[in-house]
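One structure below.
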Amino acid sequence: MSYDHKSIESKWQERWETEKVFQVTEDASKPKFYNVCMYPYPSGAIHQGHVRNYTYGDLLTRYKTMQGYNVLSPMGWDSFGLPAENAAIDSGIHPKSNTENQISTMSAQIRQLGSMYDWNREIASHQPDFYRWDQWLFLELYERGLAYKAEAPVNWCPKDQTVLANEQVIDGLCERCDTPVVKKNLAQWFFKITDYADRLLDDIEELEHWPARVRTMQRNWIGRSVGATFSIDIEGADSFDVFTTRPDTVFGMTFCVLAPEHPLVESLIDGSETETEAREYIAAAQRQSEIERMAEGDKTGVFTGAFAINPVSGAEVPIYIADYVLMGYGTGAIMAVPGQDQRDWEFATKYGIDIIRTVQPPDDWDGEAYLDDGLTINSDFLNGLNQIEAKKRIIAWMEEEAIGKPTVQYRLHDWLISRQRYWGSPIPMVNCDHCGLVPVPKEGLPVLLPDIEDYVPKGKSPLAADDDFVNTTCPSCDGPATRETDTMDTFVDSSWYYFRYADPHNSTAIFDPAKPAYWMPIDQYIGGIEHAVLHLLYARFITKVLFDMGLSTVEEPFTRLFTQGMITMDGAKMSKSKGNVVDPVDLFASHGADSLRLFHLFIGPPTDDAAWNPNGVDGTRRFLERVWKLASGDVAFIDRDESEADREILGTAHRTVRKVTEDIDRFRFNTAIPALMILANELAEYVSEGPRQETYDEAIRLMLLMLSPMAPHIAHELWEIRGNEEMLALQDWPAWDEQLAREEMVTMIVQVNGKVRDRVEVATGITPEEAEEQALGLDKIQGWVDGHEVRKVIVRQPNLVNIVIE
RNA sequence: GCCCGGGUGGCGGAACGGUAGACGCGAGGGGCUUAAACCCCCUUGAGCCGAAUGCGGCUCGUGUGGGUUCGAAACCCACCCCGGGCACCA
């Protein structure tokens with residue numbers, strides 16, 4: 001009987017599904033384990049990245065199930081979004097039918113991998129019974145003042161013809177199509193994530209099982225700065241506010257800078273002697289993208305002709321326009337303190353502006369701006385104080401004078417969720433000439449996405465051209481009104497979908513809070529590192545909102561986060577555009593899903609990028625062939641008492657159980673597989689040397705149990721062939737016997753001056769004295785030691801003796 | 001510029017401060033076969049020595065240079081290179 005992966009794999013996939021092995025309900029009698037792989041965009045075909053992700057996820061589902069956990073592992077589809085719409089524009093296929101075709105192809109492929117989910121809970125964000133609750137959530141946020149519409153300069157992608165969230169702009173380019181992003185003033189919908197900035201930042205501390213770099217990235221993204229905002233008077237005109245983290249250095253302010261877009265600029269330069277120059281500078285700044293501005297490096301600017309009054313010293317200082325000050329951060333205006341800020345230093349030196357140090361640098365200081373702590377100087381009533389004291393003092397002074405107050409600034413902006421695209425969840429709001437913005441009543445949800453003919457974006461949502469959709473009546477006054485035509489960012493869907501898995505068919509509520517109360521938080525969340533700030537930050541935010549609404553019992557959704565590395569080939573990420581893809585479906589046919597799964601587990605540390613080896617799957621296939629032969633073939637047993645060989649192979653098997661268990665718990669699959677290979681190799685040798693039935697049966701039993709979460713199809717088939725009636729997936733994960741796992745003999749290495757000179761087999765229980773005596777007694781060691789004085793002997797029995805000689 | 005990772009055979013990678021290179025891939029040799037594939041066995045970091053056929057031994061070797069230690073791929077210092085993240089954020 002040969003190993004026919006095709007029939008075995010389809011047989012077991014069918015059985016797992018029809019016997020509902022991985023369908024679960026809340027069960028208070030068992031510990032729960034909520035295991036989620038980030039739900040995929042239905043691109044139409046799975047790639048090796050999916051295989052890696054789902055292999056890890058499925059291994060964990062099966063392993064934890066065997067350990068007695070009530071494991072929920074659901075699957076769904078992030079099925080709204082631009083690719084489906086762009087495909088519709090290119091090929092004329094409706095996004096809905098296109099998406100649904102791709103979902104059915106992909107879910108068939110995921111099943112072929114043998115990755116098991118509770119398909120009963122499958123969700124897809126493009127379905128009305130899902131996006132209805134997007135809209136419901138939007139309205140809840142609106143009622144809480146957490147959703148608002150505002151005119152703001154936004155990131156506009158000229159190719160996709162839609163706005164982008166800050167998080168979707170990478171190096172000034174659209175994250176989807178790499179088109180340079182431009183700024184545009186538009187009225188858009190925002191979620192007020194900044195209200196949660198402190199909580200999102202503080203709770204990062206609790207995420208101890210998250211990768212450190214993801215936590216750092218989120219911390220940087222939120223970008224909290226503590227300081228003060230105060231007002232600066234302009235000679236003969238208005239005043240303006242500045243934010244600074246160094247109010248203690250205000251005596252050293254020798255100029256001010258406004259961003260070119262600052263609203264006060266126009267009135268300051270109008271009629272000034274530098275007006276022409278200033279207007280040219282502003283126009284040039286507008287033409288440039290942010291990347292170009294940064295690329296220049298050199299600080300440039302123009303004097304406005306106006307002067308500001310330093311509020312503490314009364315000094316008159318010039319006001320400049322310079323593009324190194326950004327309108328999008330703080331107040332768009334700064335006090336410039338060249339003595340303590342390197343950028344200001346560079347600007348001051350270039351334009352011949354005074355520099356006053358207000359912090360005493362060390363005597364040997366030969367740098368430019370001095371940023372570290374020191375005694376305050378040249379600062380009247382702050383003199384002699386250190387930075388902390390000086391900050392307290394000056395902020396108190398500003399509050400007394402009513403010109404300033406302590407402030408916290410964030411780099412994080414509110415989350416822009418409007419998209420001028422078709423394939424998304426419509427924003428459930430109505431514009432009425434009489435009542436203004438009116439929310440659609442929750443009973444009226446969902447606001448259905450209508451079928452339309454033309455998806456080509458023309459600067460506004462394609463929905464805007466559909467009169468039947470747009471024209472409606474006002475829920476408040478019954479007068480004529482128009483609908484919002486923007487749709488929501490798909491990251492809104494993905495920020496709460498994992499709650500819906502707990503109660504996916506609920507038609508009267510987003511979910512019954514009792515259900516996620518059992519399952520949440522997600523014990524293990526697995527996905528790509530590319531979501532480090534986007535999805536993972538939004539999801540944390542929405543979870544906190546749900547918590548505040550009383551719908552979630554947890555404030556943090558993901559206890560453990562695992563981010564897998566990419567699969568590369570020839571040094572580049574495997575991708576269609578680079579033409580270096582290896583289709584998993586081909587490998588299902590040629591080698592089988594089990595071989596492919598094992599290869600992904602074996603290829604390297606799960607967090608690291610891994611290079612695809614075209615022959616790698618051959619290797620894991622060979623291993624499975626050996627296992628097959630070993631466990632399914634006829635074995636000539638010898639009827640005899642237990643011997644040394646039997647105890648040895650059982651010892652290996654139990655040590656393997658220990659190692660594999662520890663490795664899985666530490667996500668070190670790449671060392672668990674070799675342990676199984678070694679066991680199989682030793683078992684083969686054992687069998688060839690005259691096995692005893694009881695020993696053989698036990699070793700094979702342990703091996704199949706361990707193989708079950710990794711290569712489930714073949715393991716199940718062999719389990720059944722060997723006469724077991726109950727399915728392998730339902731067995732307990734094996735425990736190892738410390739007694740059996742302990743080795744009797746071990747190789748002790750003997751070093752002379754730290755260099756290995758001999759090895760000797762010793763009993764594990766050897767005493768230090770015996771070890772030293774044995775080591776010194778070895779002929780080879782005598783040869784090294786003779787004629788030298790032994791200065792010291794280091795004994796680490798039973799593994800090592802090191803003899804230190806002259 | 002700042003903050004994280006990481007540099008180990010031909011390749012992917014192993015290695016509680018204690019036998020560097022597990023396991024796998026590839027390569028070379030041999031067996032089986034009419035032949036090939038599959039499969040099985042042996043060899044496989046570099047250099048060298050003694051024997052004489054598969055035996056034994058030595059030196060070097062984990063990016064570079066120093067250090068700590070009986071002992072360093074691992075710890076410390078400096079530097080080089082690669083990957084990622086952040087970046088006029090006041």
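Numbers restart at 1 for each chain; the letters A, B, ... are given by sequence-line order, proteins then strands.
For the pair N753(A) CG and rG18(B) P, the interatomic distance rounds to 19 Å; values are reported in whole Å. Protein atom CD1 of I749(A) is 12 Å distant from nucleotide atom C1' of rG17(B), rounded to whole Å. In this structure, the NZ atom of K299(A) is 12 Å from the C1' atom of rA90(B), given to the nearest Å. Whole-Å rounding puts the D608(A) CG to rC11(B) C1' distance at 16 Å. What separates CZ of R246(A) from P of rC89(B) is a distance of 14 Å, to the nearest Å. Atom pair R666(A):CZ and rA14(B):C1' shows a separation of 13 Å (rounding to whole Å applied). Atom CD in E662(A) sits roughly 12 Å away from atom P in rC16(B) (whole-Å rounding). Across the protein-nucleic acid pair, K659(A) atom NZ and rA14(B) atom P stand 10 Å apart, rounded to whole Å.
A sub-4.0 Å separation between OP1 or OP2 of rA15(B) and a side-chain N or O of R668(A) is present. For the pair K755(A) and rG57(B), the criterion of a side-chain N or O lying under 4.0 Å from OP1 or OP2 is not met.
R796(A) comes within contact range of at least one nucleobase, with a heavy-atom separation under 4.0 Å. The residue P614(A) sits apart from the nucleic acid: no heavy atom pair falls under 4.0 Å. Heavy atoms of R219(A) sit nowhere under 4.0 angstrom from any nucleic acid atom. Counting non-hydrogen atoms under 4.0 angstrom, R757(A) reaches the backbone sugars and phosphates but no base.
Of the listed nucleotides (rA90(B), rA14(B), rC88(B)), rA90(B) has the atom at the smallest distance from the side chain of F243(A). When the nucleotides rC60(B), rA90(B), rC88(B) are ranked by their closest atom to the side chain of Y329(A), rA90(B) comes out on top. Set against rC70(B), rG57(B), rG85(B), the side chain of K780(A) has rG57(B) as its closest nucleotide. Considering only side-chain atoms of L800(A), the nucleotide from rG18(B), rC88(B), rG85(B) that sits closest is rG18(B). Side-chain atoms of I334(A) lie closest to rA90(B) of the nucleotides rA20(B), rA90(B), rC88(B). Among the nucleotides rC89(B), rG18(B), rU19(B), the one closest to any side-chain atom of N802(A) is rG18(B). Among the nucleotides rC60(B), rU19(B), rG18(B), the one closest to any side-chain atom of R759(A) is rU19(B).
To the nearest whole angstrom, the two C1' atoms, one in rG30(B) and one in rC49(B), are 28 Å apart. Distance check on atom P: rG24(B) versus rG50(B) gives 36 Å, rounded to whole Å. When the C1' atom is compared between rC81(B) and rU69(B), the two are found 29 Å apart, to the nearest whole Å. Distance check on atom C1': rG83(B) versus rA78(B) gives 22 Å, rounded to whole Å. Spacing of C1' atoms, rA15(B) relative to rA22(B), comes out at 8 Å, to the nearest Å. Atom name P, nucleotides rC89(B) and rC2(B): the rounded distance is 14 Å, in whole Å. Nucleotides rG18(B) and rG71(B) place their C1' atoms 7 Å apart, quoted to the nearest Å. Annotation: rC32(B) and rA37(B) have their C1' atoms spaced 12 Å apart (nearest Å).
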Verify side-chain contact (heavy atoms from CB on, under 4.5 Å) between N802(A) and R796(A), making sure each step is shown before the conclusion.
CA-CA 8 Å; N802(A) 185 15; R796(A) 297 280 180 276; over 6 Å; no

Step-by-step side chain to side chain donor-acceptor pair (under 3.5 Å) determination, R357(A) to Q340(A):
CA-CA 7 Å; R357(A) 286 194 189 278; Q340(A) 273 77 230; 5.1 Å; no

Any chance you could lay out the side-chain contact (heavy atoms from CB on, under 4.5 Å) test for T747(A) and V760(A), step after step, and finish with the verdict?
CA-CA 6 Å; T747(A) 306; V760(A) 60; over 6 Å; no

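In this entry the base of rG5(B) is anti relative to its sugar, with a glycosidic angle more than 90° from 0.
If you take OG on S595(A) and CZ on F623(A), they are separated by 10.0 Å, rounding to the nearest 0.5 Å.
Nearest heavy-atom pair, A348(A) versus F255(A), reported as atom, atom and distance to 0.1 Å: CB-CE2, 3.9 Å.
Side chain of T407(A) to main chain of T229(A): a donor-acceptor pair is present (N/O by atom type, distance under 3.5 Å, no hydrogens or angles).
No side-chain heavy atom of F347(A) sits under 4.5 Å from any side-chain heavy atom of P338(A). Within the 4.5 Å cutoff, no side-chain heavy atoms of R655(A) are placed close to those of R742(A).
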Strand RNA chain B as a dot-bracket string - pairs counted if Watson-Crick or G-U with both distances under 3.5 Å, | where the partner lies in another strand
(((((((..(((.....[....)))((((((.......))))))((((((....))))))..(((((..]....))))))))))))....

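Sequence order on RNA chain B of the closest nucleotides to M335(A) and K629(A) puts K629(A) first from the 5' end. Where W221(A) and A212(A) meet RNA chain B, the nucleotide closest to each residue was compared, and A212(A) sits on the side nearer the 5' end.
Judged by the 6.0 Å and 45° rule, R215(A) forms no cation-pi pair with W210(A).
Among V750(A), I803(A), V801(A), the single residue meeting the side chain to side chain contact (heavy atoms under 4.5 Å, CB included) criterion with L776(A) is I803(A).
Residues T671(A) and D663(A) bring a donor and an acceptor atom of their side chains to less than 3.5 Å of each other.
Other residues, nucleotides and ligands place more than 12 heavy atoms under 6.0 Å from the CG atom of D786(A).
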Per-nucleotide protein contact string for nucleotides 22-29 of chain B (B base, S sugar-phosphate only, - none; heavy atom under 4.0 Å)
BBSSS---

